There are 2 protein chains.
Amino acid sequence: MPTSPEDDRLLDAERDIRARLGDQPLDFDSLHAISNIYRAATAVRRRAEREVLAEHSLSWGGFTILWVLWVWGEMETARLAAECDTAKGTLTGMVSTLERQGLVARERVESDRRRVTVALTPAGLALITDLFPAFNDYEAEMAAGLTRAEKNELARLLRVVTRNAGESPDATATTAAESPEPRR
Amino acid sequence: MPTSPEDDRLLDAERDIRARLGDQPLDFDSLHAISNIYRAATAVRRRAEREVLAEHSLSWGGFTILWVLWVWGEMETARLAAECDTAKGTLTGMVSTLERQGLVARERVESDRRRVTVALTPAGLALITDLFPAFNDYEAEMAAGLTRAEKNELARLLRVVTRNAGESPDATATTAAESPEPRR
DNA sequence: TCGGGATCATTCGGTACCGAACTATCGGAG
DNA sequence: CTCCGATAGTTCGGTACCGAATGATCCCGA
């Protein structure tokens, strides 16, 4: 296995860390695995926002909302927040932004006036229908160089991590309310 | 291979997407791989901030700065921004926060007064020395259930994605200035 | 030596994002 | 019917974060 300059630098860092910590046992395999997740995520997000989303004045989060509504249809705020994996308060602001852009519309539920549903407008529908293939192309570009099997393996390993991070292990009782997989 | 309810839901979503897009070819393997990166990253980050960092009033970004300074030592703002993988402007604010907390100190470079170096204070050094093992424990917890080989494979696959997202392929010339690997 | 381009960091405007406090509404117990 | 706990959404305070504009300093050529 050839060693790259990057590998060298990594090893330097590990040596430095060990030097600072003495003989404490450290888990460098986990360190690299976990920290690389964050690096990859920000890199992918930043470039997507610059090269795919910016021309439509969409943030990553805004795109996610459109995508969720497109796939699963109109839904209430709470469910939308869960699907988008974001706090309710955050979602309120983002939906307001999209509303201002004319891409989604809020509607109070008649039978329970606390609730609000969010739906795509025709303009929002047109945009996401047009944009999603381009976004998928971008995703494919980000995964270029990986085989089909590797992509699936990557997705699987990440699911394990997400599950590990999902809920405090000492959360009271087994949260059956835990929302399932595909939020995006 | 057993199918979980999650798998079912995922397949529903795929069917729905296909229904909306007609016969356009879509790359679902890339879709799942890429979108799971972002989900895992936010889940890991959120929980780390709540359960490991909050008690020390540190954000993920703030922790990263301390960590970088700890491992590689005092450095100038521009390099620190590169290592932390954040925009210079963002870094300025975060360093100011840490400075207010007494964890880092700025110092103008005598020989070139445009430049500023950032270094850990004794308090900052004490904090990161104390905190890093706990953080590494947390990382190990997030990677629980993965074998050593799987962790390394995860890190490797993510490096490919990060590299793909690294710089616009049509960037003018080959950016030799591209900053190398381990930023965290 | 003095002016102008390059190069640092910081500031600025705007969105996203979280958690906690708040508001409006619902639904049941008495 | 009326209060009161529960629930859904919004507001609020604060940080992070980006990209563009600004300001300070340096360096070099005339």
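Proteins come first, then strands; the chains are lettered A, B, ... in the order of their sequence lines, and each starts at number 1. Everything numeric in this text was worked out from a predicted model, so none of it was measured.
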Going 5' to 3' through nucleotides 7-18 of chain C and flagging B where a protein heavy-atom sits under 4.0 Å of the base, S where only the sugar-phosphate is that close, and - otherwise, we get BSBBB---SSBB
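Checking side-chain atoms of A:T117 against main-chain N and O of A:E107 turns up a donor-acceptor pair under 3.5 Å.
When rounded to the nearest whole Å, the span between CD of A:E51 and P of D:dG19 equals 11 Å.
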Go through it in stages, so that I can follow the logic: the residues are B:L154 and A:V161, the test is side chain to side chain contact (heavy atoms under 4.5 Å, CB included), and I'd like the CA-CA distance, side-chain angles, deciding distance and then a yes or no.
CA-CA 10 Å; B:L154 176 55; A:V161 174; 4.2 Å; yes
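Around CZ of B:R148, the count of heavy atoms belonging to other residues, nucleotides or ligands within 6.0 Å does not exceed 12.
Under the 4.5 Å side-chain criterion, counting only non-hydrogen atoms from C-beta, A:F132 is in contact with B:L31.
Between B:W60 and A:Y38, the ring center distance clears the sub-6.0 Å criterion.
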